[in-house]
Amino acid sequence: MSLTRQNPKDMAAARDGSELSHDLRSVLVTSVLNLETIDVDLYRGEHHWVPRSQRLFGGQIVGQALVAAAKSVGDNFCAHSLHCYFVGAGDPKVPVLYQVDRTRDGRSFSVRSVKAVQHGKPIFTCQASFHLSQPSPLQHQLTMPVVPPPEDLLTLDELILFYRSNPDLAEDEKRGLDKLLANEVPIEIKPVNPSDFSRVAVLKPKKLFWVRARGHIGEEDMKLHCCVAAYISDFSFISTAMMPYPDYRARFTASLDHAMWFHNAFRTDEWMLYECESSWAGGSRGLVQGRLWRSDGVLAASCAQEGVIRVQKVSKQSKL
């Protein structure tokens, strides 16, 4: 796992510019968000990535719930919003059952309620609304942040390898980085500012990173891209609230609720900029807002989440 230690920018420049192959169907489509049909409006989902917390990844639960809801609406209807509550810790040892309730079907909007169940008890509830797209003269959006393009940046894995190649790195720090590399997640990330992920200084509670699904999804199914975006939206989200506090580490974190709004068509197998910002923290909770931008500056989706954050003070020696 050794690398010749060099500047990350030089590493990016030295690459031949080729990206990972997108000929293979994304694992997000073939397994992570794929549901087994048990009965009408009843589905079963498996788990394909368990974080180090040994609890189910919230983004997968949100994404699978939206897949289940989307199966019950017409082909012309696409998700425009979802509102979720995490009501219990998920057990990674057993599948999740998704029960869909067809709350309302209208000419322009359809609403679905989804309950995720394990061991006979709900662990998650969600309401999703689907909209038949309609033209309107009212159109405006914020301006996308000005950042380096993804082709000029290193992936998170490449950055970890760069830090790992430091000959002065302590063995426990190397083991920590090796554990990060062992997490095989189905998305690629390119941090705009790598220090946002290392948390060695007091930073504003804001981070920016490019993100996309690994593998090919295609442009034909906007419903599916919304489900993949829901999965992506929970990745490294609530940790934004920790950025001003390098002297503390999270002892326990858990998502409480999650909301998302879809604005324009997009592809999650192409690079999108994720802008995350925490507007408030207190009472062992943190609130984070996010915006997913297409690379051409179009606002694709917005999201918000509140989570529990219980912390402990750490010594300088234990900081990575």
Side-chain angles (χ1 to χ4, degrees), residues 26-38 40-49 56-87 90 95-105 109-118 122-133 186-187 211-213 217-235 237 255-269 272 274 290-292 300-305:
S26 172
V27 68
L28 280 162
V29 177
T30 59
S31 59
V32 176
L33 297 178
N34 190 34
L35 296 180
E36 176 188 358
T37 301
I38 304 299
V40 177
D41 294 336
L42 181 63
Y43 305 93
R44 177 162 50 206
E46 302 286 348
H47 330 302
H48 300 275
W49 177 60
L56 296 185
F57 175 49
Q60 184 172 10
I61 303 300
V62 177
Q64 288 184 341
L66 190 56
V67 168
K71 288 178 178 291
S72 67
V73 299
D75 293 340
N76 295 329
F77 283 75
C78 195
H80 74 87
S81 71
L82 58 87
H83 300 266
C84 315
Y85 279 96
F86 297 89
V87 296
V96 180
L97 292 179
Y98 294 92
Q99 302 171 351
V100 179
D101 177 54
R102 305 190 182 209
T103 307
R104 179 182 184 272
D105 282 312
F109 291 88
S110 291
V111 179
R112 297 292 183 261
S113 298
V114 184
K115 181 166 61 175
V117 177
Q118 283 187 321
I123 62 168
F124 170 89
T125 63
C126 172
Q127 283 198 314
S129 184
F130 298 81
H131 182 213
L132 182 64
S133 182
I187 59 176
V211 61
R212 70 177 177 185
I217 297 176
E219 60 182 348
E220 66 278 357
D221 193 344
M222 191 59 215
K223 281 184 182 178
L224 183 55
H225 283 293
C226 287
C227 298
V228 174
Y231 178 97
I232 288 173
S233 68
D234 192 39
F235 197 87
F237 197 27
S255 303
L256 293 172
D257 57 2
H258 192 91
M260 198 162 186
W261 299 265
F262 303 97
H263 310 308
N264 291 287
F266 57 90
R267 285 185 59 174
T268 47
D269 56 357
M272 301 180 72
Y274 199 11
R291 286 184 282 271
L292 271 169
S302 302
C303 50
Q305 183 180 100

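For this chain, numbers begin at 1 and follow the sequence in order. As a basis for the values below, the full set of heavy atoms in this structure was taken, side chains included, without hydrogen atoms, waters or symmetry mates.
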Is there a side-chain contact between [X] and [Y] in this structure, where contact means two heavy atoms from C-beta onward sitting under 4.5 Å apart?
{"X": "L66", "Y": "C226", "value": "yes"}
{"X": "F266", "Y": "M222", "value": "yes"}
{"X": "R102", "Y": "D41", "value": "yes"}
{"X": "V62", "Y": "F124", "value": "yes"}
{"X": "V32", "Y": "Q60", "value": "yes"}
{"X": "R212", "Y": "D269", "value": "no"}
{"X": "Y85", "Y": "Q127", "value": "no"}
{"X": "F109", "Y": "S81", "value": "no"}

Could you check, using the six-membered ring where one of them is a Trp, whether F57 and Y231 have ring centers closer than 6.0 angstrom?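 Judged by ring-centre distance (under 6.0 Å), F57 and Y231 do meet the cut-off.
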Do the two ring centres, one from F262 and one from H131, sit under 6.0 Å apart?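 They do not qualify: ring centres at least 6.0 Å apart.
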Nearest heavy atoms of [X] and [Y], plus distance in Å:
{"X": "D234", "Y": "G59", "result": "OD2-N, 3.0 Å"}
{"X": "M260", "Y": "A230", "result": "SD-CA, 3.7 Å"}
{"X": "A69", "Y": "V114", "result": "CB-CG2, 3.8 Å"}
{"X": "V73", "Y": "S110", "result": "CG1-CB, 4.1 Å"}
{"X": "S26", "Y": "I217", "result": "CB-CG1, 3.7 Å"}
{"X": "V228", "Y": "A213", "result": "CG1-CB, 4.2 Å"}

If I take atom [atom1] from residue [X] and atom [atom2] from residue [Y], how far apart are they, to the nearest 0.5 angstrom?
{"X": "L224", "Y": "C78", "atom1": "CG", "atom2": "SG", "value": "10.5 Å"}
{"X": "I61", "Y": "S255", "atom1": "CD1", "atom2": "OG", "value": "11.0 Å"}
{"X": "H83", "Y": "T125", "atom1": "NE2", "atom2": "OG1", "value": "12.0 Å"}
{"X": "T37", "Y": "L42", "atom1": "OG1", "atom2": "CG", "value": "9.0 Å"}
{"X": "Y274", "Y": "R291", "atom1": "OH", "atom2": "CZ", "value": "10.5 Å"}
{"X": "L292", "Y": "T268", "atom1": "CG", "atom2": "OG1", "value": "9.5 Å"}

Test side chain to side chain contact (heavy atoms under 4.5 Å, CB included) on F235 and V211; report intermediate values, then the result. CA-CA 10 Å; F235 197 87; V211 61; over 6 Å; no
For G218, is there any backbone N or O sitting under 3.5 Å from a side-chain donor or acceptor partner on H225?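 Yes: the side chain of H225 pairs with the backbone of G218.
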Partner of Y98 by side chain to side chain donor-acceptor pair (under 3.5 Å), out of Q64, K71, R44: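 Looking at Q64, K71, R44, the match for Y98 under the side chain to side chain donor-acceptor pair (under 3.5 Å) is Q64.
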Side chains of S72 and R112: is there a donor and an acceptor less than 3.5 Å apart?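 Looking only at side-chain atoms, R112 and S72 do form a donor-acceptor pair, the distance falling under 3.5 Å.
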Should the pair K223-D221 be classified as a salt bridge under the 4.0 Å nitrogen-to-oxygen rule?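 So K223 does not pair with D221 through a salt bridge.
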Residues, nucleotides or ligands: over 12 heavy atoms within 6.0 Å of E219 CD: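 Counting neighbours around CD of E219, 12 or fewer heavy atoms of other residues, nucleotides or ligands fall under 6.0 Å, so no.
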